[in-house]
There are 2 protein chains.
Amino acid sequence: MRKRNACTICAVRQKALCRGLPEDQQGRLNRTAYHRHYDAGRFISGADQRQDWFATVLSGVIKLTKSLPDGRQQIVGLLFPADFLGRPFRGRSPFTAEAATAVELCCLDRCHFEDLLQKTPGLSQLFLERTLDEVDAAREWMFLLGRKTAEEKVASLILLVARRLRRAGADGGAERPAVHWDFPLSRTEMAEYLGLRIETVSRQIRALRSAGAIEVAEGRAIIVRDLAALERMAQKECE
Amino acid sequence: MRKRNACTICAVRQKALCRGLPEDQQGRLNRTAYHRHYDAGRFISGADQRQDWFATVLSGVIKLTKSLPDGRQQIVGLLFPADFLGRPFRGRSPFTAEAATAVELCCLDRCHFEDLLQKTPGLSQLFLERTLDEVDAAREWMFLLGRKTAEEKVASLILLVARRLRRAGADGGAERPAVHWDFPLSRTEMAEYLGLRIETVSRQIRALRSAGAIEVAEGRAIIVRDLAALERMAQKECE
DNA sequence: CGTGTCCTTGAGTGGCTTCAATCAGTGTGG
DNA sequence: CCACACTGATTGAAGCCACTCAAGGACACG
């Protein structure tokens, strides 16, 4: 479950929060950091439950969910490689984190990180900028949930995942989204993120397929056949 | 449109971001700060448009919206007194800010504030905590948009506004939400925040009224008759 | 080969929307 | 003072999109 690793060979070091630290601090952080692995579907951290560590996602996708006693559940955020997991300055997060795919985390001690956050303006600022981006992303998604049709929702989600996976990819380069990859979410999870039912998601995927925008292949693979068409169907809106 | 004012007599100074500043800095800030007033319905700042100032809301309610060329519009956030308006470290915000009611702002120069933010750990941390709270609030709202029924949505909104107005009130005290006040949003705006149509909002308000949970009076006044019932109808979920 | 999980497909329903008419409140001009 | 226009809210009737219920297919596992 745990092993140490060097920041210098970290796959996400160019993009993760850690780059806000000066080198000497990075070294100190490294000495206390450790890795964790979760299989797909595993519970990571809980709503209203004390968490004494934070983490950077090294690989995989994490879903943040909120659910009601009556069974209704909504995914309220996805974390991709280089994203940060945790809620500083408050013991517990109001949401549950679960591994959507197999996940590798680089974990940091809560106190140590909060301390660093207060003492390192560069880190603090980087964290703030990221958090502001998260607010924007959440609000964009609010638009999707409130105003888009089922077809637009599904198209938007595929585009969002394509872009995020592309960005998370090792190649620092192109802004153009990936066109062929394994979709990290099940139909159920797609529905939970889009505010739809699983059957509706299935039907809309079929519609996108018939329209020639995408193709679904072996396993959970999705191939973007016609990016322009997909963007048109998403109302040029996503992320 | 503009006038100066002293922080010491500021109505929101206990709750606004400024309290993250040491006194001397507060004085300096005060010398460059100025007030602005907007009538209800006025445009304040725009999507994708450079904004060279930030502001603290002194009174009134601001709505943040996103809209598509085809006319669909969604309110993605509300700002109440003591809240902060603006998007540091990025020229333009992706959302439009409009006055929902008459609004009074205390404005700060963008460069000056960003500078302060980098130099003042206390301010930066306070800002970060607030931003984290905003992410949480946005995600809670995502749940509402994706999973709640029309009736639950309307009940949740009334509760949210009751709590926020209460908190914004001069009395620092009680956590119990206000029970009688002028609702700051029109039916259209309620619909735009809830992902509903105006007619549906109207019908659900009637339902809440028939159920004895609320009462609507002169103008836009709303009276909470049965708080427990209202919370039950909102699924004990809001904000 | 049976069982379980995930996804797909079909048929019918229902909740919210759409379209439309009415009402209340306010301001304007004759 | 009243007729008229205009805006925001309410109410009714009809329609549609996504949901619900149900069955069946694909695939993995023991």
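This structure is a prediction, so every number in the text was calculated from the model and none was measured.
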[X] near the nucleic acid: base, sugar-phosphate alone, or nothing, with a heavy-atom cut-off under 4.0 Å?
{"X": "G41(A)", "value": "nothing"}
{"X": "R209(A)", "value": "nothing"}
{"X": "G219(A)", "value": "nothing"}

Among [options], which nucleotide has an atom closest to any side-chain atom of [X]?
{"X": "T200(B)", "options": "dA9(D), dT17(C), dC19(D)", "value": "dT17(C)"}
{"X": "L196(A)", "options": "dA18(D), dG12(D), dC7(C)", "value": "dA18(D)"}
{"X": "E199(A)", "options": "dC21(D), dG8(D), dT8(C)", "value": "dC21(D)"}
{"X": "A150(A)", "options": "dA18(D), dT17(C), dT10(D)", "value": "dA18(D)"}

When you measure from the side-chain N and O atoms of [X] to the phosphate of [N], is any distance below 4.0 Å, counting only OP1 and OP2?
{"X": "R197(A)", "N": "dT20(D)", "result": "yes"}
{"X": "R187(B)", "N": "dT10(D)", "result": "yes"}
{"X": "R206(A)", "N": "dT9(C)", "result": "yes"}

Atom [atom1] of [X] to atom [atom2] of [N]: distance rounded to whole Å?
{"X": "R72(A)", "N": "dT20(D)", "atom1": "CZ", "atom2": "C1'", "value": "15 Å"}
{"X": "F183(A)", "N": "dC6(C)", "atom1": "CZ", "atom2": "C1'", "value": "15 Å"}
{"X": "I198(B)", "N": "dT11(D)", "atom1": "CD1", "atom2": "C1'", "value": "12 Å"}
{"X": "E152(B)", "N": "dG15(C)", "atom1": "CD", "atom2": "C1'", "value": "13 Å"}
{"X": "I222(B)", "N": "dA9(D)", "atom1": "CD1", "atom2": "C1'", "value": "13 Å"}
{"X": "E192(A)", "N": "dC7(C)", "atom1": "CD", "atom2": "P", "value": "11 Å"}
{"X": "R220(A)", "N": "dC27(D)", "atom1": "CZ", "atom2": "P", "value": "14 Å"}
{"X": "E218(A)", "N": "dC6(C)", "atom1": "CD", "atom2": "C1'", "value": "14 Å"}

In terms of side-chain geometry, is the basic nitrogen of E134(A) or R139(A) positioned less than 4.0 Å from the acidic oxygen of its partner?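 Here E134(A) does not pair with R139(A) in a salt bridge, since their nearest N and O are not under 4.0 Å apart.
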F95(B) ring centre to K66(B) NZ or CZ under 6.0 Å, with the angle to the axis within 45°?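 Judged by the rule, K66(B) and F95(B) form no cation-pi pair.
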For P88(A) and F54(A), which heavy atoms make the closest approach, and how far apart are they?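 Smallest interatomic distance, heavy atoms only, reads CA-CZ, 3.5 Å.
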Looking at R203(B) and dG15(C), is any side-chain donor or acceptor paired with a base atom of the opposite kind under 3.5 Å?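 Donor-acceptor pair under 3.5 Å: no.
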For a quick check, tell me whether the side chain of E151(B) and the base of dC16(C) share a donor-acceptor pair closer than 3.5 Å.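 Answer no: no donor N or O sits under 3.5 Å from an acceptor.
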Is any side-chain heavy atom of L194(B) less than 4.5 Å from a side-chain heavy atom of I75(B)?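 Counting from C-beta outward, L194(B) and I75(B) never come under 4.5 Å.
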W53(B)/Y34(B) aromatic ring centres below 6.0 Å: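 No, the ring of W53(B) stays outside the 6.0 Å limit from the ring of Y34(B), centre to centre.
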